[in-house]
Structures are given as structure tokens and as C-alpha cells.
S.K.: 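After the C-alpha cells below, expect a handful of questions from me.
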Amino acid sequence: MTEFSPRYLKDYQVPDYKITTVNLTIELDDTKTVVTNVMEVSKVGVHQRALTLDGEHMQLMSVMVNKDKLTASQYQLNESTLTIADLPEQFTLTITTQINPVANTALEGLYKSADVYCTQCEAEGFRRITYFLDRPDVMAVYTTKIIADKTSFPFLLANGNKVEQGDLSNNMHFVTWHDPFPKPCYLFALVAGDFDLLEDSFTTKSGRVVKLELFVDKGNLSRSEHAMVSLKKSMLWDEQQFNLEYDLDIYMIVAVDFFNMGAMENKGLNVFNSKFVLADDLSATDDDFFNVEAVIAHEYFHNWTGNRVTCRDWFQLSLKEGLTVFRDQQFSADMHSSTVTRIKNVKIVRAQQFAEDAGPMAHPIRPEKVMEMNNFYTLTVYEKGSEVIRMMHTILGDDAFKAGIKLYFERHDGQAVTCDDFVAAMSDASNTDLSQFKYWYSQSGTPELSVSDEYDAKSNTYQLTIEQNHPETHDKQEKHNLHIPINVELITSDNNLNQGGLLHSKQKTQTWTFENVFTKPVPALLGNFSAPVKLNYQYNDQDLNVLMVNASDEFNRWDAGQKLFAGYIKQLVNNAELELPMQIAEALAQVLNSDADNAFKAEQLVLPSFDEMAAAIDEVNPGALVRAISILKRFIAEQLQSKFIATYQSLCTNEFAKDGAAIGNRALKNVCLDYLALLDGANELVLNQFNQANNMTDQLAAIKTAALNDLICFEDVMVEFARQWQGNTLVMDKWFSINAMHNNENVVQRITGLLTHPEFSIDNPNRARALIGAFAFYNSHYFHNKDASGYKFLFEQLTKLNAINPQVASRLITPLIQFKSFDNNHQQLMKVELEKLSQLDNLSRDLLEKLTAALQ
Ligand code: TRP
Ligand code: ZN
């Protein structure tokens, strides 16, 4: 068995060798693909150290140094490395390997997705294609020649520009690609298959014409338009906002059905999970359209933040991911409602990232210790990473931030750099000391702010005192006080105060004094979620009401409502009999009556999720939390029934549109439906919406409402939905998920049965996530059932996935390893399953790392 040992950031060393050019010839074959890799290699500095290349899951066919073929005694080969000693200063190294793409169910390296050959090299997949220095600070110029059957694989794609193509004997053909930009091997890509092709072009601001090509499975052309439009919007936005222009003559995107993540930014040749490309009015929801645009933008933005300037080592992953998520969030905010976009980001941080930071895999956005790199593509690196960039944007302001980005590219274009280099550019360009701020990169855990205040009516002064607390995290890291930007707005009920601003909390405890405050204000704290922290301040209901109505910032109004709900949910967890005050309903009636846009109203009406509440409560009893949320929801539904009905009816329309207003209308309508589903007449209402729906948003909302409320029509609408959409894998994924979310005690039986459904296949990550993931992540009620049947179901599936696809298994284990959030009973039951998993033979490195952390 392979030894799995962790790697540490502190052990980083520059490579002993550099590889400056790579010439690949790849002869594609289902089980015997031959890869010939001709590299120009040279020593870095003067030394006699051997060259150790990474490589796994391959057959080594031959090794040649310059013209000499090495014998087996001239190199050392083991499961994961190839070592060659006594090398000259500079030489040509030719390595031939044979690989088996069809057997590759892990979907790393070269694999076959349906009838398409494709690659996924990030983070360390290139070492499954050829022996190489598989680390991002080794950058080379690649030329790639692909050879395959002409009938089955008319399109042969790789990074860069096409330089040659031609026919060979036996119906074979070849295409050669050259990418002039030196890049790390994780950005290498190859695709071969037959596709429908959507072509377009974009003229950059300096007047260069870039060919845009989008490859989708045959028959899907009509579903690829939105992705192409999104790409062009992204290209324009990056020019306008950051002065960043695309650099090659062609930009290709390929959609594949088997993919471990969302998408991959390979230079000039993005490979996408088809879920984030294909969308049309009938089969995609408004959220799907939003997400396609966001992921297209994310991968496009990587061309500068990731590709032109890349990471020195994988500990620096947030250098590219945090920054690129920030950029895609800003893009989405510009394309849509900025408040609603921000609310969506914040919910993910509060519900999921906070949970990760409180669990056994807590790590800083720049981790210090990694066993399996794939385990660190996390909410912390991505989402908290983006929040850290956003805080710099808040502290420096837009102009200085952009000057920092400009300096970063001036200094580092073409280099592999660190998070420190990024912060240095920000600091230098703005003349701002960010030394304390940098602890955000090295410190895990969610900081907690305790805020108290004092109003003095005599002197008309108001004092705010803010204390930082840094709870211990699983990694036992030493904690420092952080530089935390805190947006404050002082609100009065007569709404005549215009004070506040950005406070910089830097010490354990700090006090700020505001003068000329003539009535006692309510502080709106952490406006726009100015820092990824938890906040404690004793608001009473009246304070929150004032904020909900008078805060000048929409985000603060929303947040006040969330605090009001969260307060009652917490009380209801301990006392289900609690009498709820009418003010809650009155506040929401005001929301419904306000003239805000409907997308925002919809957000204001949605209660905090189970996950968000779980992250905010200690030792959660999941059943009690589910019940508490539903009591509050029913109370609101009952009190506002007539308003919900009126609003619902006013928003029903036969016309389908996709503009912001229409999307907002659907969002609000479906929130009303969600409340009305708890009252008499729900079944008819849902059935009616299902039958009338002329778009996926409404249709899906209907079946989801039927599932979450276990309505009588549930079975019927599910059968009808499946009949209508069979064969459409992306829509059937939604159907599998809704099955898994069924709020009924037989749900485990139901999903166990679906494992053998003809359209289900555990080998496909989207299917596995749709059924198994949706159950474990979203059916909080029955996943946490006291009889442990939910935990056992997940255990069974993880044992299979561990062998098939460790990356997918490792993501799906998340709800089990976060047992610390729950009460002791549930903790014990969850740990039993984790113990059982840890006993598996052939436990993947991915699961082993998480299990070790969880059971320690
Ligand atoms: N760099 C990709 C992104 O953020 C992430 C990614 C895609 C990835 N596929 C992967 C990470 C496979 C690890 C493994 O857009
Ligand atoms: Zn990314």
C-alpha cells in the first residue's frame, strides 16, 4: 500500500530542474493510448541531484535522454515517481507511456466521458498522462499532436492555436496544436470527439478578432446559446472593469457529461460540466441560467487570474480561486440585482463555509498542510477566499484596488507566485499597511464579534465597543487579532441620522464614539457583510423592525429580517410552544407591501436555512431545528395567508419572459407557494402550478413543494415529470434530487430503489450528487433520522464511491464529518459510520485525510 504523507507549505523549495518545452504526441485508444512526451529539460543552478518525476496509474514504455534509450537499471521506478540520476546540464528527455482512458473512473488525467476523450489535470492529474514535474511552478510551452479515428473523433482539440492537420492511413487523422504561453501542466487539456459546434467571435478593444467555439453533444446546439452570450459578456466586462483583454486567437469551450467539478480553465480550451453550459427556457431554471453565466465568467476570468499569473504551489490556490470568485461575483452583481447577488453569496458563506471552519477540516484560505490536494478545493479557499479579496476592496476602495490589480500584473505576468505577492502589490499600489490584514490568509476559523453600545442623551454621544474573539479550531492554530473592516450605519426610527462608515477593528477591544447623535440609534452592523465573521449584538425585535424598514442599505434591511427570524427559530428549538408575536407577520406584511423589486422581496421572505441555523447553534438536535423552522413558517403562512394568495395570483402569468423583472416575479411567486403549501388547498395549488407551468422554474418549484410538504399529488407529479423529461439527463438530475428531498419517512427506501433506476449511474458524478448528495445535504430531516438509516445509506454509497471516484466520495462525506455541530446522540451515530468507513480496504487518500481529521 502506498504511504500517504502530508506535505507542508513551509517545506516549499524551488525545483531542481526546469522543463521549458513539451512536445506531446497522443495516439488515442480506449484501453491503450500511447503518449510520447519530448521535453527540453535543464538544471536550475549547479548541482548533481537526480531528477524525480511524478507519474501514476500508467505503464512506462521507454525513457530516452537525448539519443540514448535508458535501460531499467538507469532509472528508478515506483508507484508514484520515476527518478533519473547523472544527468547533464541540459538535455532532451523523451518518455513514452501507455494509459487506459476507459478504466479511468476517477476522471483525473485522460478519461472517456460517454464517447468523448477528455482530460482533467488540475490539481495533479497530468501525472496520469505522462511522467512530469507536476507542480504549478514548472512552466513550459506545449505542442500537442493528437491522433485518432476520423469518423468517431472528427474534432481533435488541445490548448492554443491549431498549427497542422492531416489524414493518416486506416481512417486515422491528426491535428497539432501549439500554445505560445508557458503554462503549468495543470492547464494542459485535450479533447477528442464528435460535436455540434456553435461559432461566434469577439473583437477585443484593441481590435483583435477572437474566434469563439462552443462544442456540445450532437443535438444540443439550441441549448448552447446562453453560454455563448455569457462568454461575450464576460470578455467585455473584464476589458471594461480591469482592462484585461483575451490573448489567444481562439477560445474553445467543450461541454462533457462526466465531470468532477463545475468547469476547468485550461488555457484556450475550457472543459465544462454540461450542467454549466446547456440551458434553454423549457428545461433550465432561472438559477440554472444564472449559474451558467457565472461559471462561464469564472473560467474566462481565470485566463488572467490563474493562467497568465499562476500559483507557485498548491497551498496558494486561493491566489487564483478567491480572486476569481470575487471577480465572478462582481460580474454577476453587475449583470443582475447587486443586492440579491450579494445575498446569495453571503448565504453560502454563513451556511456552508462557517460549518467547514467549525469542522474537522478547518483550514486557512492558504492551507499549511495538505495530504490530498483535491480536498482543498473548498468553500474556505473559494468563498472565504473571495471574502478576503472583497475586504481588501472595501478597505482600499475601488480605484486603489484596481491600481493594485494593475501592479500585480505588471510585476508578475508570466510568473507563478504567492498570496504574499498579491497582497504586496495591493499594499504597494495603495500605500496601505496590510501586514495585520495578512493573518486572514494564515488563520482558520470564523471570528466572532461581540458588540455593545451606550448612548448618552446629555452629551449626544453614542459609543460602540467591538470585541474580537477567535474560537479554537480543529487545527489548533494560534490565533491573532485580525484587521476586520466593519461597515456601520446608525439608524433612528425617525430616520434622520446619516452617520456611520467603515470601522477598522484591529485590537481585541476597541471603542468608537459618534458625536451629535440626538436620538438613540440602532446600529446596522457589518453592512453588505463587510467581513466573514459572526456577530453578537443584543437587538430587540423593535430594533430589528427599525432596521428592516429604515436601513438605507437593502442588504442591511434583509439581514435585519434574517436576524429576527433566527432569534425566534433559536427560541423555538428549545420551546416549541413559544407564542410568536404578531410583529413578525406585520414586518413581513410591510415587506410585501413595499415597492422594492420582487426578487429582493422574495429574499426577505425566505427564512434562514437549516444549515445556516445549524452553523449558528451549538449541539443542534436536527429534528428540533427542522420543527422550529416549520413552526415559524406555518405561523407566517397562517397570518399572511390572504396576502400570499393575492400576491401569488397577481404574479401568475401565461407569458414567459427572462428579464430581471420576470425572474423576480417567479421568485416571489414561488416563495408565496412555499408558504401556502402549509395551508388548506395546498395540493390543488401545487398541482395546478405543475400543470400550467411553461418553464422549468415553475415546474420544479411545484414538484419541490410537493416533496418538501409530502403533498398527496407528490407521486403523480413525479411520475408525470419523469415521463416528460426522460432522456434529458440534466433535468432528470433535478428529478433525482427532488426524490431525495422527499419529506417522508420512506425516503431512504425510495432512494435505495432509485439506485437501480435505468437513468441512474453512480459512475456519473452529476447523478451521484443529484441523488446521494441531495439526500445528505438537503434532506436534513431524514438524513439525521434517529434510526441512523440516513447515515447508513450514505456509508453504503461512500464505500462504492471510494473505489470508483474518490473525489466525488470525498465531497459527499461532508455532512457526516461535520458531526460536531449536532447533539451527542447524533454525533455518536455519525461516528459509527465514519469508523466503519475508516476500516475499508483501499481507502482512498481523499477519504483517509478527512476520516483521520474527523476521528482524531
Ligand atoms: N480550477 C477549477 C475552477 O475553479 C476547479 C476544478 C475543476 C477542479 N476541475 C477540477 C479542481 C478537478 C480539482 C479537481 O474553475
Ligand atoms: Zn476557479
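One-based numbering, in listed order, for ligands and for the atoms of each. The basis for the numbers below is simple: all heavy atoms, side chains too, and nothing from hydrogens, waters or symmetry mates.
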S.K.: Can you tell whether the side chains of R327 and E299 come within less than 4.0 Å, N to carboxylate O?
M.R.: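 No salt bridge links R327 with E299.
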S.K.: Considering only the protein, which heavy-atom contact is closest to atom 7 (C) of ligand 1, and what is its distance?
M.R.: A263 O, 3.0 Å
S.K.: For N260, is at least one N or O under 3.5 Å away from an N or O on ligand 1?
M.R.: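 Checking ligand 1 against N260, no N or O pair falls under 3.5 Å apart.
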S.K.: Before signing off on this row, confirm whether Y377 and ligand 1 have an N or O atom pair separated by under 3.5 Å.
M.R.: no
S.K.: Under the rule for side-chain hydrogen bond (donor to acceptor under 3.5 Å, both in side chains), what residues qualify as partners of K347, not counting sequence neighbours?
M.R.: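 Testing K347 for side-chain hydrogen bond (donor to acceptor under 3.5 Å, both in side chains), a comparison that skips the adjacent residues, returns E603.
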S.K.: So if I count the atoms of ligand 1 from 1 in the order they appear, which ones are less than 4.0 Å from some heavy atom of E321?
M.R.: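 Listed by number with element, the hits are 1 (N), 2 (C), 3 (C), 4 (O).
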S.K.: D288 side chain to T285 main-chain N or O, any donor-acceptor pair under 3.5 Å?
M.R.: yes
S.K.: Show which atoms of ligand 1 fall inside a sub-4.0 Å distance from at least one heavy-atom site of Q120.
M.R.: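 Reading through ligand 1 atom by atom, the close ones are 9 (N), 10 (C), 12 (C).
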S.K.: Kindly confirm or rule out an N or O of E265 lying under 3.5 angstrom from an N or O of ligand 1.
M.R.: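 Among all N and O atoms of E265, at least one is under 3.5 Å from an N or O of ligand 1.
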S.K.: Could you name the option among H298, Q807, M261 that has the heavy atom nearest to atom 8 (C) of ligand 1?
M.R.: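 Closest candidate by heavy-atom distance is M261.
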S.K.: Quick test: of every protein heavy atom, which one is nearest to atom 15 (O) of ligand 1, and how far off is it to 0.1 Å?
M.R.: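 Result: E299 OE2, 2.6 Å.
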S.K.: Looking at R312 and D420, is any side-chain nitrogen of the basic one under 4.0 Å from a carboxylate oxygen of the acidic one?
M.R.: no
S.K.: With a cut-off of under 6.0 Å to the ring centre and 45° to the axis, is K10 in cation-pi contact with Y8?
M.R.: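 Yes, K10 lies over the aromatic ring of Y8.
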S.K.: Please work out the angle at the Zn ion (ligand 2) defined by atom OE1 of E321 on one side and atom NE2 of H298 on the other, rounded to 10°.
M.R.: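 Once rounded, the angle between the two atoms at the Zn ion (ligand 2) is 110°.
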S.K.: Write out the residue and atom name of the closest protein heavy atom to atom 14 (C) of ligand 1, then the distance separating them to 0.1 Å.
M.R.: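 Of the protein heavy atoms, E122 O, 3.1 Å lies nearest.
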S.K.: Identify, for atom 4 (O) of ligand 1, the protein heavy atom at the shortest distance, and state residue, atom and that distance.
M.R.: Y382 OH, 2.6 Å
S.K.: May I ask you to check if ligand 1 and A123 share an N or O to N or O distance below 3.5 Å?
M.R.: no
S.K.: Taking only heavy atoms of M264, which atoms of ligand 1 are found under 4.0 Å from at least one of them?
M.R.: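 Under 4.0 Å from M264, ligand 1 has these atoms: 1 (N), 2 (C), 7 (C).
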S.K.: On the 0 to 90° scale, with breaks at 30° and 60°, tag the F153-Y117 ring pair as parallel, tilted or perpendicular.
M.R.: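 The arrangement is tilted - the two ring planes meet at 30° to 60°.
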S.K.: With H57, which residues qualify under ring pair (Phe, Tyr, Trp, His ring centres under 6.0 Å), at least two apart?
M.R.: none
S.K.: For ligand 1, which part of T324 has a heavy atom less than 4.0 Å away: the side chain, the backbone, both, or neither?
M.R.: neither
S.K.: Under a 4.0 Å heavy-atom limit, does K320 contact ligand 1 with its side chain, its backbone, both, or neither?
M.R.: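 It is the side chain that touches ligand 1; the backbone stays farther off.
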S.K.: Parallel, tilted or perpendicular: which describes the rings of F326 and H393, with under 30° parallel and over 60° perpendicular?
M.R.: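 If you compare the ring of F326 with that of H393, the planes turn out tilted.
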S.K.: How are the rings of F409 and W304 set relative to one another: parallel (under 30°), tilted (30 to 60°) or perpendicular (over 60°)?
M.R.: perpendicular
S.K.: Please identify which atoms of ligand 1 are closer than 4.0 Å to at least one heavy atom of N374.
M.R.: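 Contacts of ligand 1 toward N374, numbered from 1: 13 (C), 14 (C).
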S.K.: Would D733 and R769 pass as an ion pair if we require N to O under 4.0 Å?
M.R.: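 Result for this pair is no, no salt bridge flagged.
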